[in-house]
Protein chains: 2
Amino acid sequence: MIEDGLWRRVDVAHLAVLRELAEHGSVTAVARATALSPSAVSQQLKVLQRRLGVVLVERAGRGVRLTDAGRALAGIAASVSTALATAEADWQRYRGGVGGTVRLATFHSAGELLVPGLLDRMAQHPGVVLETVDEDVLQDDFAGLTADYDVVVAHRSDDVVPPRRDGLEVRLLLREPLDVALPLDHPLAGRDRVTPADVIDEDWIAPPPEFPIDRVLTALAAQAGRPVRVVRRTTHLPLTEKLVARGHGIALLPRHTTRDRAEGRLALVPLADLRAGRVVEALMRPDRAARRSVQVVLEALVAEAASYA
Amino acid sequence: MIEDGLWRRVDVAHLAVLRELAEHGSVTAVARATALSPSAVSQQLKVLQRRLGVVLVERAGRGVRLTDAGRALAGIAASVSTALATAEADWQRYRGGVGGTVRLATFHSAGELLVPGLLDRMAQHPGVVLETVDEDVLQDDFAGLTADYDVVVAHRSDDVVPPRRDGLEVRLLLREPLDVALPLDHPLAGRDRVTPADVIDEDWIAPPPEFPIDRVLTALAAQAGRPVRVVRRTTHLPLTEKLVARGHGIALLPRHTTRDRAEGRLALVPLADLRAGRVVEALMRPDRAARRSVQVVLEALVAEAASYA
DNA sequence: TCGATCATGAAGCGACGCTACATGGTCGAT
DNA sequence: ATCGACCATGTAGCGTCGCTTCATGATCGA
């Protein structure tokens, strides 16, 4: 027998906390993200469980873990958040104005490429405050950033299956081929394309093996039939460009990002016989994507990215 | 410039009150419906307006009226209520049990026909408490009852455009032809159908002119070319049946409802050359329709009605 | 014009949720 | 194995919020 009105006393704020817990994984992390004390978060969870008469959270070692019921309710809470955000967006649409703070995470090269133009475009919406933060993480970790940021600009190589991003809104920003970067005085610099065989015996500068670009390099080696010789590994693209320009090696670099920054100081030559590129996209939680201010930022971001295609 | 976080402080309870105001039309009525004092309702509205910085309600004579903004927000509030009810239903589905109180309004004859069997069927769901109330109103007023009841069983004649019921969920229960009810010893009682011309010169018993059945009588008169002679007007169907059975006149009566009650005491003969019938349907507000307990009741109601088709 | 009806304001009270601080449990490093 | 760092939770105290009760003002119908 189920008592009537149990759910009536459930507060949407409590549901939101549960949902954040599902994404952040610890009470302390939720407290940080919500500007509350850990005790407050813990109390909210306790109240929620008492009102529903169900165990949602259990201790696991030093931290906590959601029970099955907790996970289920967290999923429901996510849809509630989305509905609430949609309602707010409808209201803002009715009122005409757009306002609020949007937190945007970019990896370095995308920030360099897109943020200046994005800020120019956002000048049309003085009510929207845009906070941009650089976060360079591995390909699979971008999704996790959506717990902390409204919009996450992520990249992945386009030859593999996309990493898991269940329940996230995804918007394509840029499809960016990887070109071979050569010093201007290199024999191949004038070519309109090069094959893997042309470049396999050069000295290469590449990122660490976990990064998408390096996987392309692996594919290139496979196609040429010989291993590639990597003389230096760095994740810092501007450094890579400078090294290439001075003849310390050649590299695979994203076309638009690089051209925007280093045009004229090195040559970018398309790679033949190998599909090599990376995809830049925006990731958002649905409730955040529903916010009017986020939508405005996203549209500006898409427009800015399109100007490089 | 829009300040950040205005909506954050908006309480869904406040939105719900605004929505109820849009449907009930007065602060006092909302207070009655929500078991709150009128002052509390008034204060909630005041707080909501202060937090949003918008006038939602204005005085109109002795009562209040919603502004345009108020109406817009009330519409948004309705979708929020629906989302919340859907979330609760999802949760109940996950937990397995069904519980809660469902308030059902029926007009008299439908109640007589459907409620006993409905209660039998609901015995399978002991957690659901069913309150049934008789409400006989005019055709166009059924929609208004959805503010006070979870499920409203309504009827309308099927030859006219349905009355306005914007934003309501509608579920067909019964399509019920109108037959000509005759005393058992009437000359036409043995016929398998009668035409308007056959019965136009009889003495008729009918409801008041605003009721759907009387409109059919008007159509019958138009087809026969002569006015119909109404000797008595009553909205009470059992009385009509008794009068017909004793030879005080004939009447148009809904087939299933009447047969269920008066089988063997009068004859029901289908009417030829005239599409005459009434439709019985269930009306619900979307947020109430989303509730798990309401869904259970509705399914039982549909099944019970189907047993009469 | 009077009484009924409706909305709103003021005062007081209770519930709720937060912070600050203390406690107990768990893991990693030495 | 021990210590220290970290994490979650319980307790005490306090401020805020929303409700009820009562009073007031406005409007409509008889």
Side-chain angles (χ1 to χ4, degrees), chain A residues 5-67 69-71 74 77 147-148, chain B residues 5-67 69-71 74 77 147-148:
Chain A
L6 275 179
W7 185 274
R8 297 284 160 74
R9 308 192 56 201
V10 169
D11 186 350
V12 290
H14 292 167
L15 290 178
V17 164
L18 181 67
R19 193 267 173 99
E20 293 300 332
L21 180 61
E23 302 213 350
H24 285 93
S26 82
V27 172
T28 309
V30 174
R32 266 196 305 271
T34 56
L36 252 47
S37 68
S39 181
V41 174
S42 180
Q43 290 175 56
Q44 291 210 22
L45 293 170
K46 187 182 172 93
V47 170
L48 184 59
Q49 292 178 96
R50 181 163 48 76
R51 291 190 180 164
L52 288 173
V54 182
V55 177
L56 301 169
V57 166
E58 58 191 7
R59 297 215 55 153
R62 188 153 43 167
V64 291
R65 178 176 49 216
L66 288 182
T67 63
R71 258 186 302 278
D148 291 310
Chain B
L6 274 180
W7 184 276
R8 299 284 161 77
R9 307 193 57 197
V10 170
D11 187 349
V12 289
H14 293 168
L15 289 179
V17 164
L18 180 68
R19 191 267 173 101
E20 294 300 331
L21 181 61
E23 302 212 349
H24 285 93
S26 82
V27 171
T28 310
V30 173
R32 265 196 306 271
T34 55
L36 254 48
S37 69
S39 181
V41 173
S42 181
Q43 290 175 54
Q44 291 210 23
L45 293 170
K46 188 179 171 96
V47 170
L48 184 60
Q49 293 178 94
R50 181 162 47 76
R51 292 191 180 164
L52 288 173
V54 182
V55 177
L56 302 169
V57 166
E58 59 192 3
R59 297 215 56 152
R62 190 156 38 170
V64 291
R65 178 178 47 219
L66 288 182
T67 63
R71 258 186 302 280
D148 290 310

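Each chain gets a letter, A, B and so on, in the order its sequence line appears, and its residues count up from 1.
Residues B:Gln44 and B:Leu36 meet the side-chain proximity criterion, which asks for heavy atoms closer than 4.5 Å. Between B:Leu56 and B:Arg71 the shortest side-chain heavy-atom distance does not fall below 4.5 Å. B:Arg51 places a side-chain heavy atom less than 4.5 Å from the side chain of B:Val47.
Between the P atom of D:dG18 and the CG atom of B:Leu36 lies a distance of 12 Å, rounded to the nearest Å. Rounded to an integer number of Å, the gap from B:Gln43 CD to D:dT16 C1' is 14 Å. Taking atom CZ of residue B:Arg59 and atom C1' of nucleotide D:dT27, one finds them 8 Å apart after rounding to whole Å. Nucleotide C:dT23 holds its P atom 21 Å from the CZ atom of A:Arg62, rounded to whole Å. Per the geometry, CG belonging to A:Asp11 stands 13 Å off C1' belonging to D:dG18, to the nearest Å. Whole-Å rounding puts the B:Leu48 CG to C:dT8 C1' distance at 16 Å. Atom NZ of B:Lys46 and atom P of C:dA10 are 8 Å apart (whole Å). Taking atom NE2 on A:His14 and atom C1' on C:dA15, their separation rounds to 13 Å, with Å as the unit.
For A:Thr67 (side chain) and A:Val55 (main-chain N/O), a donor-acceptor pair under 3.5 Å exists by modelled atom type.
Of all nucleotides listed (D:dA8, C:dT8, D:dG18), C:dT8 comes nearest to the side chain of B:Ser42.
For B:Ser37 against D:dT21, no side-chain N or O and base N or O form a donor-acceptor pair under 3.5 Å.
At C:dC18, one or more side-chain N or O atoms of A:Gln44 fall inside 4.0 Å of OP1 or OP2 (strictly under the cut-off).
Residue A:Thr28 is classed as a sugar-phosphate contact, given heavy-atom separations below 4.0 Å to backbone atoms only.
When the nearest nucleotides of DNA chain C are assigned to B:Ser26 and A:Ser39 by heavy-atom distance, the more 5′-ward of the two goes with B:Ser26.
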